[in-house]
Structures are given as C-alpha cells and as structure tokens.
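Quick one: the structure is below, questions incoming.
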Number of protein chains: 2
Amino acid sequence: MQVQDTPLVRKLGAFVALSDPELEILGRMHGRPRSFPAGVDMVHEGQVKRSAYVLASGWVCSYKTVAGGGRQIVDFQVPGDFLGLRSLLFRTADHNIEPVTRVEASEVLISELIDGFTRAPRLATAVLWAASRDEAMVVEHLVSIGRRNAQERTAHFLLELGARLTLVGLGTQEGYACPLSQYLLADALGLSAVHINRVLRELREAGLMSFQKGRVEFHDFAGLVALADFDLAYLDHDGPLLK
Amino acid sequence: MQVQDTPLVRKLGAFVALSDPELEILGRMHGRPRSFPAGVDMVHEGQVKRSAYVLASGWVCSYKTVAGGGRQIVDFQVPGDFLGLRSLLFRTADHNIEPVTRVEASEVLISELIDGFTRAPRLATAVLWAASRDEAMVVEHLVSIGRRNAQERTAHFLLELGARLTLVGLGTQEGYACPLSQYLLADALGLSAVHINRVLRELREAGLMSFQKGRVEFHDFAGLVALADFDLAYLDHDGPLLK
DNA sequence: CGAGTGATTGAACGGTCTCAATATGTGTGG
DNA sequence: CCACACATATTGAGACCGTTCAATCACTCG
C-alpha cells in the first residue's frame with residue numbers, strides 16, 4: 001500500500017515516527033467512508049448506538065445544551081481529529097456532534113481500533129497522546145472562559161485553532177480558512193454573537209488580526225500571542241517525541 | 001491479602017465488578033504512601049519529573065495560572081481520584097496540583113500501572129472509564145462557566161461534588177464535609193470571592209442549601225437540582241456496568 | 001425579485017467586579 | 001490568658017464588561 005499523507009497520519013506522525021506497517025494500519029482506518037451534511041447532528045446526547053470517526057474533511061463541533069435553551073460548544077474538530085472517543089465507555093453519548101460544513105469521515109469500529117493497537121502498540125500511545133492533547137485543549141478552553149476577557153479569549157481561541165490546523169497542513173502563521181459563523185464562535189466562547197462582532201472589530205482596528213469572508217488572517221502574530229497569553233509550547237513540536 | 005475497602009476500590013467497583021485478583025493488584029497500588037502539607041504545590045506547570053498518584057485522604061485542586069495573575073481551578077480531586085493521569089504523555093506537566101488540606105496519597109509508577117493492566121485488562125477498562133468520567137466533569141464545568149449564571153453554576157458545582165463524594169462513601173443527599181474556602185470556590189467557578197459570598201447567602205435564604213463552617217447541607221435537594229439543571233444520570237449507577 | 005442567513009451598529013439594562021470597610025475565627029507568642 | 005497577626009467571611013457602593021433588544025446592511029440562493 002502506498003504511504004498516505006492524510007491529516008490523521010500527519011498529526012500522529014508529529015508525535016510518533018510511524019513505520020510502514022503502522023502507516024498501513026492507519027490507512028485501513030480510512031476504509032469506511034461516511035458523508036454528513038452540514039447542520040444535521042451526527043450524534044445527539046443520550047444516543048445509545050454510537051460510533052467513533054476520524055475526520056477526513058470538513059469541520060464539526062461538539063456541544064451540550066443547557067436548560068435555558070442556550071448551548072455551549074465544547075470544541076471543534078478539524079481534519080485528522082477523532083470524534084466520539086471520550087464517551088465510548090459510557091452507556092450513552094454525553095454530548096451532541098454537529099457538522100459545521102459538509103463532512104467526510106471514516107467510521108472506526110471499536111474492535112478495529114483495539115485490534116490495531118494490539119498489532120502496533122505505538123499506535124495506541126499515539127492515539128492516547130492525541131486524546132490527552134484534546135483534553136488539554138478543553139482545559140485551556142475552560143481557563144479562557146473562566147479567567148480571560150472577551151478579547152483575550154477570542155484571540156486565544158483563534159490562535160489555537162490556527163496551531164491545530166497548521167499541525168495538519170491546513171494553516172500557517174499567516175492565517176487559515178475558517179468556516180465558522182460569529183454565532184458558532186459565540187456559542188464556543190460563552191459570549192453573545194453581538195459582542196463577538198465588536199471584539200473582532202477591535203482586534204481588526206488594532207491591527208492584530210482579521211476574520212472576514214471565511215478567512216482568519218494574522219497581521220501581528222507576536223502581538224496577538226502576547227495579548228492572548230497564548231502558550232505556543234503545547235502544540236509546538238520540533239519533531240516526533242518518540243523516534 | 002485481605003480485601004480492602006479504600007475509596008479507589010469503592011469507586012472502580014461502581015463501574016466494574018472486581019475479582020479478588022484484581023482487588024489484590026489494586027491493593028498493591030497503595031503500597032507507596034506519600035504525605036503532603038496543605039498549600040504547597042505537589043506538581044507545578046512545566047515540571048519535568050512527574051508522578052501519578054491515587055488520593056487516599058484529603059482534597060487537592062488542579063489549576064492553571066493566567067497572565068494577569070489570576071488562576072482557574074480546573075477540578076478538585078477527592079479520595080479515590082487519580083492525580084496527574086492526563087499529562088503523563090506530555091514532556092512536562094501542563095497544570096499545577098495543590099493540596100487543599102493535608103493529603104495522603106499513593107505514588108503510582110507508570111510501569112506498575114501498565115503491568116497491572118497487562119495482568120488484569122478489566123482494570124485498564126475501569127481506569128479508562130474513570131479518566132473518561134473525569135473529562136466529562138471538566139466538560140460539564142466548562143458548560144457551567146460558559147452558560148450558567150452564578151447561582152446555577154455554584155449550585156451545580158456543589159451538587160456534583162456531593163455526587164462524587166457519595167460515590168466513595170463520603171457524602172449523602174443530606175450533605176458533606178467540604179474544606180474549601182470561598183476563595184477556592186471563586187477560583188474554580190470563574191467568579192470573585194465577594195460574589196460567591198452573596199450567591200451562597202441567596203441560596204441559603206431561598207432555603208435550598210447552606211455552606212458554612214466546612215459543611216455543605218442540602219435543604220431542598222430536588223429544588224437545587226432543578227435550579228442547577230443538574231443531570232443525575234452521569235454519576236448515578238445502579239450497579240457495575242461490567243459484571 | 002424575495003427570503004433567509006449572517007454581519008454590523010446603537011442604546012439601555014444588568015450581572016458581576018473592584019474597592020473598601022467591618023466582622024469573625026484561629027493560631028502564635030508573650 | 002491576653003495581645004496580636006492573619007486568613008476568611010460579610011456587606012455596601014459604584015464602575016464596567018457583556019447582554020438584550022432592535023434596526024439596518026450585505027450576501028447568497030431559490
């Protein structure tokens with residue numbers, strides 16, 4: 001099988017130097033393609049029959065709803081990310097998953113995953129690392145919402161998305177394509193869409209960055225990192241941690 | 001070896017029905033006791049040499065600091081909880097761990113953990129479940145801070161702590177002993193200590209609950225659950241999920 | 001061309017913060 | 001046992017950040 005350059009391979013490859021047999025096993029995980037339209041939940045809270053997926057293209061968001069009718073987006077997933085790993089061990093899914101754009105994803109059977117791990121334990125480590133990194137991002141998100149004001153929070157979030165996309169080859173320090181609406185951004189950052197709009201304007205007028213017409217552009221990367229108190233380290237790798 | 005009734009055994013036992021050999025392996029994890037005074041960090045951000053621990057007695061908090069000098073407490077750990085599992089795969093710890101009270105904990109070597117899993121795979125499942133549950137709590141915390149007002153947030157948090165403590169035999173629907181100061185509560189809930197004080201007074205005057213002199217008392221459990229939009233399901237088990 | 005979605009801006013309200021002062025409790029040293 | 005320092009809890013007053021409501025604009029798609 002030809003060595004592939006999928007987002008998943010690129011991401012895990014940043015952590016573990018992958019051998020040919022390992023690449024081959026990963027390649028097989030892309031064998032069960034599924035397609036989902038934007039805006040229709042792939043998984044909803046309380047759903048019993050669940051699957052895990054690897055995102056091939058498109059963006060999705062994971063969210064929970066609250067009594068008042070609002071919702072909190074916990075995280076977005078971009079190509080190369082896993083979906084639904086966390087609640088595999090629960091009786092029912094504990095959150096909703098909604099595609100932000102049209103999405104192509106590969107369904108991963110749990111048995112397949114376990115089997116892959118048995119034959120290539122280093123893959124298990126790589127996936128665990130990816131899961132730990134996901135949780136670290138949720139934690140950083142929590143810190144943002146709890147202790148940063150709207151500007152810092154917004155800047156931090158868009159920087160982090162940039163770092164993740166860069167890891168899978170979909171972004172640079174110049175910017176990236178971003179299909180999120182200001183409403184989605186608001187639901188993710190615990191702010192109102194109106195206020196997001198004002199904050200984006202302030203950031204633009206300060207010459208730090210812009211987010212318009214589906215594209216995030218960093219105009220003063222260092223300044224933005226300083227404003228957001230963004231830690232480059234935890235997404236920055238000089239190369240695989242495991243050779 | 002005598003079958004033990006430690007908080008860890010009690011918690012994992014709620015998820016997986018544990019056999020004698022499994023209990024014996026768990027018991028051995030309590031073989032490396034350590035003691036820590038209140039207020040002195042056990043682990044700090046960026047620290048390279050890390051250990052994992054199982055909490056035997058006392059409370060600790062995990063937190064991250066932000067530029068302005070503030071901090072956000074991500075979670076508290078109570079007896080039976082693991083410490084430091086998440087960042088095991090990172091080069092350095094990504095958060096601080098501070099004992100809230102004097103703490104007794106057992107150091108767990110990574111090799112020991114892996115070895116235990118090899119000989120008792122069901123233990124691995126149980127620990128993974130515990131880790132997933134921890135992450136689910138962080139997510140719920142995120143939702144609280146993002147989308148609930150101060151009253152709902154405070155009520156939700158104290159209810160969740162109660163549910164966790166009940167799981168290890170340290171609380172009931174009547175209440176529980178709680179060593180947290182209003183400052184710690186504030187750092188956890190993304191509020192100021194002054195406002196926490198007012199919120200606690202409102203909850204008390206509404207006849208819902210009280211938190212005074214180190215003790216949380218639920219006066220109207222159902223009313224509090226309704227106010228907080230608290231989901232009893234995800235911490236509520238009729239018995240082990242795996243027989 | 002009309003409808004719907006997303007972006008933008010203004011004005012007023014309100015939840016939470018900050019600053020400040022006063023209790024209350026607890027441990028320490030004299 | 002008292003005096004004191006120190007942490008924690010409590011309460012008030014004013015300021016500020018972000019919300020809500022409302023209107024207008026821009027763009028896309030039928």
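Any value given below was found using the heavy atoms of this structure, including those in side chains, with hydrogens, waters and symmetry copies removed.
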Whole-Å gap separating P (D:dA9) and CG (B:L200) |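 Atom CG in B:L200 sits about 9 Å away from atom P in D:dA9.
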Can you check the B:N149 CG to D:dG18 C1' distance for me, whole Å?
-> 14 Å
Value in whole Å for how far the C1' atom of C:dA7 lies from CG of A:L180 | 15 Å
Whole-Å gap separating P (C:dT5) and CG (A:L184) = 14 Å
Do B:R198 and D:dG12 share a donor-acceptor pair, side chain to base, under 3.5 Å?
-> yes
Base, sugar-phosphate, or nothing for B:G39, non-hydrogen atoms under 4.0 angstrom?
->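 Counting heavy atoms under 4.0 Å across all strands, no contact is made by B:G39.
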Does some side-chain heavy atom of A:M209 sit less than 4.5 Å from a side-chain heavy atom of A:R204?
->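 Counting from C-beta outward, A:R204 and A:M209 never come under 4.5 Å.
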Does a donor on one side chain and an acceptor on the other come within less than 3.5 Å for A:S144 and A:E152?
-> no
Using a cut-off of 4.0 Å on non-hydrogen atoms, how would the nucleic acid contact of B:S181 be classed: base, sugar-phosphate, or nothing?
->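 Since only primed, P, OP1 and OP2 atoms lie under 4.0 Å of B:S181, the category is sugar-phosphate.
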Report yes if a side-chain nitrogen or oxygen of A:N197 is closer than 4.0 Å to either non-bridging phosphate oxygen (OP1 or OP2) of C:dA7; otherwise report no.
-> no
Check the pair B:Y63, B:D187 against side-chain contact (heavy atoms from CB on, under 4.5 Å), reporting the backbone distance first and the verdict last.
-> CA-CA 9 Å; B:Y63 69 96; B:D187 282 345; over 6 Å; no
Here the distance between atom C1' of C:dT8 and atom CZ of A:F211, to the nearest Å, is 15 Å
OP1 or OP2 of D:dT10 under 4.0 Å from side-chain N/O of B:Q182 = yes
Would you mind telling me which residue lines up with the more 5' stretch of DNA chain D, A:K213 or A:H195, judged by nearest nucleotide?
-> A:H195
Base, sugar-phosphate, or nothing for B:L191, non-hydrogen atoms under 4.0 angstrom?
->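 Contact class for B:L191: sugar-phosphate only.
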What nucleotide among C:dA7, D:dT10, D:dA9 has an atom nearest to a side-chain atom of B:R204?
->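 That would be D:dT10.
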B:L203 CG to D:dT10 P, straight-line distance once rounded to whole Å | 13 Å
When you measure from the side chain of A:Q212, which nucleotide among C:dT8, D:dT11, D:dT10 comes out closest?
-> C:dT8
Mind checking B:A150 for me? I need base, sugar-phosphate or nothing, with any heavy atom below 4.0 Å counting as a touch.
-> sugar-phosphate
Is the gap between the ring centers of B:Y53 and B:F36 under 6.0 Å?
-> yes
Base, sugar-phosphate, or nothing for B:G190, non-hydrogen atoms under 4.0 angstrom?
->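 Answer is sugar-phosphate: B:G190 comes under 4.0 Å of backbone atoms only.
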A:R201 CZ to C:dG6 P, in whole Å, measures 21 Å
Nearest-angstrom distance from the residue atom CD1 of B:I196 to P of D:dT11 = 15 Å
If the plane angle is over 60° it's perpendicular, under 30° parallel, otherwise tilted; pick one for B:W59 and B:Y176.
->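 Judged by the thresholds at 30° and 60°, the geometry between B:W59 and B:Y176 is parallel.
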